[in-house]
Amino acid sequence: MTTKAPKIQDYALIGDGRSAALISNRGSIDWLCWPRFDSPSIFGAIIDPKTGGRWSICPLGEAQFSRRYLDNTNVLETTFSQESGKIALTDFMPVTSEEKKQSFLWPEHELVRQIKCTQGEIELIVDFNPRLDYGRVTPKIKDAGKLGWRIDIGTDVFTLRSQIELVRRGDGLAANVTLKAGEKVGFSLSHFTIEWWRQWASQSDYRGPYERQVTRSALLLKLLSYAPSGAIVAAPTTSLPERIGGHLNWDYRFAWLRDASFTVHALFGLGYKDDAKAFVDWLLHATRLTRPELRVVYNVFGERPPSERELSSSRGYAGSRPVRIGNAASEQVQLDMYGEVVEAVSHFVRGSEKLDRDVQKMLRQCAEYVCEHWREADNGIWEARDERRHYTHSRLMCWVALDRILKMQARGQLHGISVGKCESERKRIREEIETHCWNSELEAYTQACGSNVIDASALLLAYHGFEDASSQRMQKTHQRIRDRLVPRTGLVHRNEQSKDRHEGAFAVCSFWEADFLALSGNLSKAAEVFEAALGYANDVDLLAEEIDPESSDALGNFPQGFTHLGLINAALSLRESEKRADELERKL
Amino acid sequence: MNWTSWLLWGFVSTVVLTSILAGSQGIGMTRMNIPYLLGTIFTPSRDKAKFIGFFLHFANGWIFSLIYVATFQVLQKSTWWLGAGIGLVHATFVLTVALPVLPALHPRMANEQYGPTVVRQLEPPGFLGLHYGIRTPISVLAAHAIFGAILGAFYTIK
C-alpha cells in the first residue's frame, strides 16, 4: 500500500441520517463525529493525520483498490486486489424503518465493517485508533471480554465488537489476520440497510438525463439530513481547505438558510415530498426565535452554532491551518435569506395547500422586514468578511421574497399583508437591479450596485425568474461570466475576487451555468457544461465545494450539499427543457 | 382541603403559568409551546392543536395545583416561598424527566434515535428542553416557581 495521504476526492461518505463518516479509498475511516454531525470527532485523521485518530482496514503490502456504492444505496464497497487474492470491504451505518426498529433492540449508533475474501488469500492489517475531541483526548480502551472493547465517554459508551482477535498496540487496537477465499469477518445487518436505502431511492420519480448522478446526489442529501429535526447540514466536515495550505478553512457541519429554496426545489423536483416537508418544518421551527430577523446558519436543532474558534493543536488537512470549530457566519447579515425562506415555503404550497396561521405570520413578518431593510448593505451569498456591500444577489432575493409573497396572496393562501406596499417595494427593487446592478460599460449584471466585478451569482437572476434567460442582458452577462470566470468548460469561479485569490472554481456555479443554458434553450451547450462539471466528481460521483482548475483536485469541505443541489436542479432544468423542445418539435 | 380557595387560586396560578410560557415564546426566549405539544397528541393541524392544547394545559395546571395544595394541607403551612419551592421541584421534574421521555409517548414527535426515515414530526425537546432554545429551562423554572408562589401566597389552609 502506498502511504501517500489521501486527496479530498479519495473519500466517500456513509451515514445514518444523524451522523456521517468519511472513508478513504484505502479503507481508512478518517472522519467520524458521534452522536451528531457537529459533535467532536472520534476519528479525525483527515484534519490531523498524526493525532486525529483513524480506523483502517487494508491489506499488508501494495494493493490495487477500487470502490463503489452498492446500487441505489449508501453502502460502500471497497475492493483490494493483490497477486495473492482479493477482498471486499463493506462499510455502512445500519438503517431501517422505524417500524422495524420496534421489533428488536436497535443501537443508537452503529458502524459496520465487513470483510470478505473473494479470491485467493490476503493478509490484512486492522488498526483501530480512536481519538476523542478532535484528537485532543486519547481514550482508554477497556477489554470487556465477550462484550467487546469499551470506550467510556462520560455517560456514553462506544463498543467495538469483532470476530477478529484484537490486541493492544500503542494507544489503540490492532490485528493482523489472513483471510482465504470465502471467509468473512464482521457481522451483518446489511440486509435491512440495503433494503432501506433502495426503498428510499425508489421514491424518486426522476426519469431523465444523468439519472445515476442525480440519484447519488439525492442519496448524499439524505446522508446530510438530520432526521430527528429535518435539518440538512451543508457538509459533514470542518476545515477541509479551499486552498491547500491556506487559511480558508471553515466548519460546514451546520444548516445554512442560503440553501433553503434550492433544497426544497430539488427534493420536490425528485419526488421526495416527505423530506421536503420535513425540511420546511425545520425551517419554520428553527427561525422561530429570531424572527423577523433570520440567522445565516443554525445547528440541527435551530440553535446558533458555537462561536468560531481555532483548534491550535490540530495540524490541518495537508498542513492547512487553522482548523476551525463553529462558524462566524452566524454573526453576519445576509438579506438573501428572506427570499430563500419565502421561496422554500412557496414551493411547498405551490398547489392548493393552505398556510396555517403561524406560517402566514412568518411570511407577513418577512414581507415587512424586506420592505424596511432591502436597501441595506450585507455580507452577501458568499459571506464576504471584508465589508458589507449592496449585492445584486441579495437584492434579487429580496425581490423574490416580495414576489412570492404577493403570488401566495393572489392565490388566496396568505392574508393580512400590505399589498400596495409590497408591490411598490418589489417594483423599486427591480428598478434598482436594472439600473444600478447593470453595468453598461461591461454590459453585464455585476456583483453589486455600481460595481465592476463579475459574479456567477448573476446567473440566478434567470433561475429565480427575475429576467428571462434568453434576454439580451442575461445573454451578455453570461458571456462576460464565460470571458472572466470560466477557466475551462465545466469550471466556473464564483467571482473575480475569488479568482484573484487563486481559490478553486466553485462547483455549484458550473451547475448554475448548465441550468442557465438549459433555461435559455441552449440544450447542447447545457449538456456539454453539465457533463464537463460531472467530470470533476470522484469515482463514486461525489463533489466537493471547489475544484482546483490546475490539478482538478477537490477543494473545501466534502462532499458538499450545495454542489449536489446545483447538480439536481440543473438536471431538472435540463429534463424540463428537453421535454419542452420535444413538445415543440412534435407540434411542428 | 379548602376547595373554593383551590378552585380560585388554582385557576389564577394556571392563567399566570400559561401566560408566562406563552409570553416567553412570544419574546423569543424559547420555541417551546406546551399547548401546541399537548394538542398535537390529538391532531396534526397546527391551529387546532393550539386550541385543544390550550384547554388541556389549563386542565393540567388546575389538576397539578391540587398536589400543591395537598402539600400545603399536609404541612399546615402555605407561604409564597414554599409554593415557589414546590414549583421549582415540579419544573425540574418536567425538564429532566417529562420532556426527555415525551418523544416515547407522543405520537407525532421524533426522538433523537429517529432516522433516516423522515416524516413531518415535532422535534424532540431534549434534556432540559434545550433543543427548543437554550433559555427554555429559565422560562420553565420561572413559570413554575411563580405558579407555586401564587398558590402558596393566596391559598387558605382549612
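Naming convention: chains lettered A, B, ... in sequence-line order (proteins, then strands); numbering from 1 in each chain.
Ranked by heavy-atom pairs under 4.5 Å with chain A, the first of B:Ala110, B:Pro124, B:Ser45 is B:Pro124. Here A:Pro228 is the residue among A:Gly230, A:Pro228, A:Ala286, A:Gly17 with the most heavy-atom pairs under 4.5 Å with chain B. The candidate from A:Val280, A:Thr290, A:Asp275 with the greatest count of non-hydrogen atom pairs under 4.5 Å with chain B is A:Asp275. Across B:Arg135, B:Met109, B:Lys50, the residue that shares the most heavy-atom pairs under 4.5 angstrom with chain A is B:Lys50.
When heavy atoms are compared at a cutoff of 4.5 Å, A:Trp282 approaches chain B by way of both its backbone and its side chain. Interface remark: A:Ser225 contributes no atoms to any contact with chain B (heavy atom separation under 4.5 Å). In this structure, chain B has a heavy atom under 4.5 Å from the side chain of A:Arg18, while its backbone stays farther away. Residue A:Arg36 touches chain B through its side chain alone, counting heavy-atom pairs closer than 4.5 Å.
Scanning residues 3-38 of chain B against chain A with a 4.5 Å non-hydrogen threshold yields B:Gln25, B:Gly28, B:Met29, B:Thr30, B:Arg31, sorted by number. At a heavy-atom cut-off of under 4.5 Å, chain A is reached by no residue from residues 140-154 of chain B.
Surrounding CZ of A:Arg357 are at most 12 heavy atoms belonging to other residues, nucleotides or ligands under 6.0 Å away. Remark: B:Trp62 CH2 is packed, more than 12 non-hydrogen atoms of other residues, nucleotides or ligands lying under 6.0 Å away. Crowding of A:Gln203 atom CD: a count of heavy atoms from other residues, nucleotides or ligands under 6.0 Å exceeding 12. Taking a 6.0 Å sphere around CZ of A:Phe158, one finds it holds more than 12 heavy atoms contributed by other residues, nucleotides or ligands. Counted within 6.0 Å of OH on A:Tyr69, heavy atoms from surrounding residues, nucleotides or ligands total more than 12; the atom is thus considered enclosed.
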*asked:* Would B:Tyr132 and A:His285 count as a side-chain contact (heavy atoms from CB on, under 4.5 Å) here? Give the steps.
replied: CA-CA 9 Å; B:Tyr132 289 171; A:His285 185 71; 3.7 Å; yes
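Among pairs with a residue in residues 88-103 of chain B, those fulfilling side chain to side chain donor-acceptor pair (under 3.5 Å) read B:Tyr68-B:His90, at least two apart in sequence or across chains.
Aromatic ring pairs are classed by plane angle as parallel below 30°, tilted from 30° to 60° and perpendicular above 60°; the pair B:His131 and A:Phe301 is parallel.
Legend: residues meeting salt bridge (charged side-chain N to carboxylate O under 4.0 Å, His left out) with A:Arg309, ordered by chain and number and at least two apart, are absent.
B:Ile134 CD1 to A:Arg304 CZ: the interatomic distance, rounded to the nearest 0.5 Å, is 8.5 Å.
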